[in-house]
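Below is one structure; the comments refer to it alone.
Proteins get letters first, then strands, A, B, ... in listed order; numbering begins at 1 in each.
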There are 2 protein chains.
Amino acid sequence: MALNNLLQIILDNRERKLIDIFSKKKDKILLQTKQLDVADIIITNEIAIERKTGFDFVVSIMDNRLFEQLLRLKDTYSTPILIIEGLNDEVFDNTGMKISSIYGALAYVSYKLGISVIPTRNINDTAIVIERIAIREQIKDKGPIISRKAPKGLSIEERMSFILEGLYDTGPKKAIQLIYNFKTPYNVLKAIKHSFVIYTKTGNPKGIEGPLSKIKGFGHNYLDRNKELIFGIKKVNKEIL
Amino acid sequence: MALNNLLQIILDNRERKLIDIFSKKKDKILLQTKQLDVADIIITNEIAIERKTGFDFVVSIMDNRLFEQLLRLKDTYSTPILIIEGLNDEVFDNTGMKISSIYGALAYVSYKLGISVIPTRNINDTAIVIERIAIREQIKDKGPIISRKAPKGLSIEERMSFILEGLYDTGPKKAIQLIYNFKTPYNVLKAIKHSFVIYTKTGNPKGIEGPLSKIKGFGHNYLDRNKELIFGIKKVNKEIL
DNA sequence: CTGTAATCTTTATGA
DNA sequence: TCATAAAGATTACAG
């Protein structure tokens, strides 16, 4: 598609500044703008770039947007790239986030999520990086990309756990325990249905009985709250069901 | 107790400054120094880190040492990491290398070579990154557990919807529709269980029948994918259940 | 993401 | 054996 030796770059139409910069290079770059869902810049079918300023990066950590965005990027493109622009003292000092948290997130994205992180100083540098990548992929030897560690879309088990994390008092740990013990989300709900609180003679909750009682870490409170959530009833006696 | 929570970090004995920094944390970190051949810092058998100041980085590009080093790192450890420290104006202005060349090399290392690049401002930040990686690999859960936190202050209906948003192709809209029609999450799963795909004589999916067919927007794809997710079975024929 | 507070389950203890 | 208190583990929340 690339006529002559024109570089083809697709930009999200909200990236005004980048559009301006590349517009001035019409002799080199064939610019295309559209509303993009999962990335900010697309170089090829395989390579897409998310651009974040240092400030954006930190803010998106706090509201949990970062992880979600990057996972989608990773799901959609085999070579996802994050350009992080101007991660400087100003960002570290003024966002109120702990330094260790920022670097923890950065390290996580880079080596655990397997997303290629490229730091730049400012938007002009960002434009340079984008152009270099486009040149390499579209003009130079399109040498193979050395594969990273196993591409990690959500497995079905992870996805199953994901559902259960909607329950009260249920984080990743408990969710995984439940799937491990009962195999499927539906079985988990059935297990909850068939478990009951045991009371002492004086009427105090003593523990639980039923399928759920075989796993540690699930008590009467867990049962009560989640039965209401799943079945829409406040209290359940064995006799009623 | 304390002994078990010690982080173990192996440093090349030429990394004097890092050794100094970590030496002051003897209560947390078990430091080991030795002459290392292919990395500067070793976290586990799989994870090793090359540390380069911005200046070193540029110089090693020029004398062709960079790629040789990093390729060896990559050959030896399955998760190679490059910490690039203080890649700032001073480096870009005073090394005499073209900006685009520096970024070209950086991009190449990151997305083409598949080495995890993590930028830091200075050696103290570098130490933080190393410590975070060690914590994640040596203390926290091995497999990265993904979690989704429910927004706080949800009503029970909202919370019910949130559970269903763990299903495939189910966002807020479909989740609310489902709760509105079936009242509780458990009923929704039962409705999915008792809904089935209808096929044409030629074996093509035609639509669905059962409780779910009464609502618009839920087709055979939705049914197939989510039955697998909820019940752990790839395909369900009416006859089997 | 991290670090801390809050919450829940389990174990220990005394009546 | 039951009821309360302390300990241990996990989740929720704020930055």
Can you tell me the distance, in whole Å, between the [atom1] atom of [X] and the [atom2] atom of [N]?
X	N	atom1	atom2	value
A/Phe218	C/dT7	CZ	C1'	15 Å
A/Asn64	D/dA14	CG	C1'	12 Å
A/Met62	C/dT2	CE	P	15 Å
A/Phe57	C/dT2	CZ	P	11 Å
A/Leu87	C/dC1	CG	P	17 Å
A/Leu106	C/dC1	CG	P	12 Å
B/Ile118	C/dC1	CD1	C1'	13 Å
A/Asn221	D/dT11	CG	P	15 Å

>> Once you apply a heavy-atom cut-off of 4.0 Å, does A/Tyr222 come out as touching a base, just sugar-phosphate, or nothing?
In response: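 The answer is sugar-phosphate, as A/Tyr222 gets under 4.0 Å only of primed atoms, P, OP1 or OP2.
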May I ask you to say whether [X] pairs ionically with [Y], meaning some side-chain N is under 4.0 Å from a carboxylate O?
X	Y	answer
A/Asp169	A/Arg225	yes
B/Glu15	B/Arg51	yes
A/Arg136	A/Glu131	no

Quick check for you: among [options], whose closest atom lies nearest to any side-chain atom of [X]?
X	options	value
A/Lys201	C/dT2, D/dC2, D/dA12	D/dC2
A/Pro172	C/dT2, D/dT11, C/dT9	D/dT11
A/Lys98	D/dT10, C/dC8, C/dT2	C/dT2
A/Lys216	D/dT11, C/dT9, C/dT11	C/dT11
A/Asn204	D/dT4, C/dC1, D/dT11	D/dT4
A/Lys173	C/dC1, C/dT11, D/dT11	D/dT11
A/His220	C/dT9, C/dG3, C/dC1	C/dT9

>> I need the single residue from A/Ile84, A/Ile133, A/Leu82, A/Ile49 that forms a side chain to side chain contact (heavy atoms under 4.5 Å, CB included) with A/Ile118. Which is it?
In response: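 Exactly one option meets the side chain to side chain contact (heavy atoms under 4.5 Å, CB included) with A/Ile118, and it is A/Ile133.
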> If each of B/Ile135 and A/Ile215 is mapped to the nucleotide of DNA chain C with the nearest heavy atom, which maps nearer the 5' terminus, i.e. the 5' end?
Replying inline: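 Going by which nucleotide is closer to the 5' end, it is B/Ile135.
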>> Looking at B/Arg136, I'd like to know whether one of its side-chain N or O atoms comes within less than 4.0 Å of OP1 or OP2 on C/dC1.
In response: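 Yes, such a contact exists.
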> Between C/dC1 and B/Arg132, is there an OP1 or OP2 to side-chain N/O distance shorter than 4.0 Å?
Replying inline: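 For C/dC1, neither OP1 nor OP2 has a side-chain N or O of B/Arg132 closer than 4.0 Å.
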>> Which label fits A/Phe67 and A/Tyr108: parallel for a plane angle under 30°, tilted from 30 to 60°, or perpendicular past 60°?
In response: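 It falls in the tilted class, 30° to 60°.
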> Is a donor-acceptor pair below 3.5 Å formed from side chain A/Ser101 to base D/dG15, judging by atom type as modelled?
Replying inline: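 Looking at the base of D/dG15, it does pair with a donor or acceptor on the side chain of A/Ser101 (distance under 3.5 Å).
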